[in-house]
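Keep in mind that what you see is a predicted model, and the values were worked out from it rather than measured. Throughout, numbering of the chain's residues begins at 1 and tracks the sequence. Hydrogens, waters and symmetry mates are skipped; everything else that's a heavy atom, side chains included, is used.
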Amino acid sequence: MKLSEFKLILEKMDELRFKLPNGKDVPSHFHITEVGQLTRHYIDCAGIERLDKTINFQLWNALDFEHRLHPNKLKTIIEKSEILLNLQDVEIEVEYQTDTIGKFGLEFRENSFWLTEKFTNCLAPDSCGIPQEKRKISLASLTSNPTACCSPGSTCC
């Protein structure tokens with residue numbers, strides 16, 4: 001989700017709700033302790049230079065059970081960050097404490113912001129010689145009539 005999408009949704013909300021990928025709620029007494037823009041400038045395994053930018057939100061569960069972050073307050077923080085940090089309209093990444101600090105994507109559904117799982121991957125599989133994973137399918141699923149596939153005149157064998 002890009003920052004512009006997040007802000008549009010934020011304007012329509014009365015209460016901030018975040019959910020983990022497993023469907024559990026982030027406790028309602030969370031704080032967003034950071035809003036920033038991260039820049040990664042790196043070379044991948046094929047020697048290709050890359051530059052990625054993301055907006056970073058850090059969610060933190062405080063022991064302060066009395067205060068809740070209201071959507072308008074978060075909107076004000078974002079607007080100030082846009083001015084001071086010259087934020088771009090790029091994808092949002094969320095840091096949240098799991099067993100270690102986890103990085104998540106973000107999407108909106110069911111009236112909540114959902115933290116989505118992110119995965120590592122090779123950025124240049126063709127250059128590295130990593131074989132492409134073969135898709136596994138059941139031969140029975142190729143046709144509704146299993147005997148038709150290998151009947152005389154068929155082209156499957």
Side-chain angles (χ1 to χ4, degrees), residues 1-138 141-142:
M1 168 181 295
K2 289 190 173 186
L3 185 60
S4 59
E5 294 175 74
F6 185 85
K7 288 174 25 183
L8 285 174
I9 295 167
L10 203 57
E11 289 178 9
K12 301 172 188 170
M13 297 187 83
D14 296 324
E15 178 184 10
L16 283 173
R17 285 183 295 282
F18 284 85
K19 290 189 172 280
L20 298 170
N22 64 10
K24 291 184 179 179
D25 290 325
V26 169
S28 60
H29 58 278
F30 74 89
H31 290 263
I32 293 185
T33 61
E34 294 179 15
V35 173
Q37 182 167 276
L38 303 180
T39 301
R40 284 184 49 205
H41 188 195
Y42 59 100
I43 296 175
D44 69 18
C45 56
I48 298 169
E49 181 182 24
R50 296 184 185 262
L51 183 67
D52 293 333
K53 292 186 181 218
T54 55
I55 300 298
N56 187 67
F57 292 168
Q58 186 181 78
L59 269 62
W60 177 63
N61 293 329
L63 296 177
D64 175 7
F65 297 99
E66 302 305 316
H67 296 93
R68 304 288 185 265
L69 182 60
H70 192 273
N72 287 335
K73 173 71 171 174
L74 180 54
K75 185 177 177 229
T76 301
I77 294 168
I78 291 170
E79 288 170 347
K80 187 172 186 176
S81 299
E82 286 177 307
I83 294 166
L84 293 174
L85 304 175
N86 195 26
L87 297 184
Q88 297 176 4
D89 188 26
V90 294
E91 291 291 318
I92 296 172
E93 191 171 73
V94 177
E95 290 180 357
Y96 184 73
Q97 185 72 43
T98 55
D99 294 334
T100 185
I101 297 172
K103 287 187 174 188
F104 299 88
L106 192 64
E107 65 182 43
F108 188 77
R109 65 179 193 268
E110 301 170 12
N111 209 27
S112 295
F113 291 105
W114 285 72
L115 305 185
T116 58
E117 294 176 327
K118 296 182 75 151
F119 300 94
T120 59
N121 198 358
C122 178
L123 299 176
D126 295 341
S127 300
C128 291
I130 297 172
Q132 190 171 4
E133 198 172 311
K134 293 182 181 180
R135 194 176 76 152
K136 294 180 183 181
I137 59 170
S138 166
S141 69
L142 293 176

Contacts of type salt bridge (Lys or Arg N to Asp or Glu O under 4.0 Å), residue [X], not counting sequence neighbours:
X	answer
Arg109	Glu107
Lys7	Glu82
Glu34	none
Glu5	none

Could you check Ile32 against Ile77 for side chain to side chain contact (heavy atoms under 4.5 Å, CB included), going step by step and ending with a plain yes or no?
CA-CA 10 Å; Ile32 293 185; Ile77 294 168; over 6 Å; no

Answer yes or no: does atom CG of Asn22 have more than 12 heavy-atom neighbours from other residues, nucleotides or ligands under 6.0 Å?
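Yes, enclosed.
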
Might you confirm whether atom CD of Glu79 has over 12 heavy atoms from other residues, nucleotides or ligands at distances under 6.0 Å?
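Yes, the 6.0 Å shell around CD holds more than 12 heavy atoms from other groups.
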
Using side-chain heavy atoms (C-beta onward) and a distance below 4.5 Å, is Phe57 in contact with Ile78?
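Side-chain contact under 4.5 Å: yes.
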
Review item, side-chain donor-acceptor pairs of residues 98-106, under 3.5 Å, at least two apart:
unit_1, atom_1, unit_2, atom_2, d
Thr98, OG1, Thr100, O, 2.8

Which donor-acceptor pairs under 3.5 Å do side chains of residues 23-30 form with protein atoms, sequence neighbours excluded?
unit_1, atom_1, unit_2, atom_2, d
Asp25, OD1, Lys19, NZ, 2.6
Ser28, OG, Arg68, NE, 3.3
His29, NE2, Ala62, O, 3.2

Got a second to check how far [X]'s [atom1] is from [Y]'s [atom2], nearest 0.5 Å?
X	Y	atom1	atom2	answer
Asn72	Asp14	CG	CG	9.0 Å
Leu16	Ile9	CG	CD1	11.5 Å
Ser112	Glu15	OG	CD	8.5 Å

Among all residues two or more places apart in sequence or in another chain, which pass the ring-ring contact (aromatic ring centres under 6.0 Å, His included) test with His31?
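In terms of ring-ring contact (aromatic ring centres under 6.0 Å, His included), with neighbours along the sequence ignored, His31 is linked to no residue.
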
Residues in ring-ring contact (aromatic ring centres under 6.0 Å, His included) with Phe113, at least two apart?
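Partners of Phe113 under the ring-ring contact (aromatic ring centres under 6.0 Å, His included) test: Phe6, Phe18, Phe108.
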
Hey, can you pull the donor-acceptor pairs under 3.5 Å for the side chains in residues 88-97, sequence neighbours left out?
unit_1, atom_1, unit_2, atom_2, d
Asp89, OD1, Leu3, N, 3.3
Asp89, OD1, Ser4, N, 2.8
Asp89, OD1, Ser4, OG, 3.1
Asp89, OD2, Ser4, OG, 2.9
Glu91, OE1, Met1, N, 2.6
Glu93, OE2, Lys118, NZ, 2.6
Glu95, OE1, Gln58, NE2, 2.9
Tyr96, OH, Asn61, ND2, 2.8

Considering all heavy atoms, the nearest Pro21-Leu115 contact
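That closest heavy-atom pairing would be CG-O, 3.1 Å.
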
For Leu85 and Val35, work out which heavy atoms get closest and say how close.
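Closest approach of Leu85 to Val35, heavy atoms only: CD1-O, 3.7 Å.
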
Under 3.5 Å, which donor-acceptor pairs link side chains of residues 46-56 to any protein atom two or more places apart or in another chain?
unit_1, atom_1, unit_2, atom_2, d
Glu49, OE2, His41, NE2, 2.4
Arg50, NE, Asp44, OD2, 2.7
Arg50, NH2, Asp44, OD2, 2.8
Arg50, NH2, Leu123, O, 3.3
Asp52, OD2, Tyr42, OH, 2.6

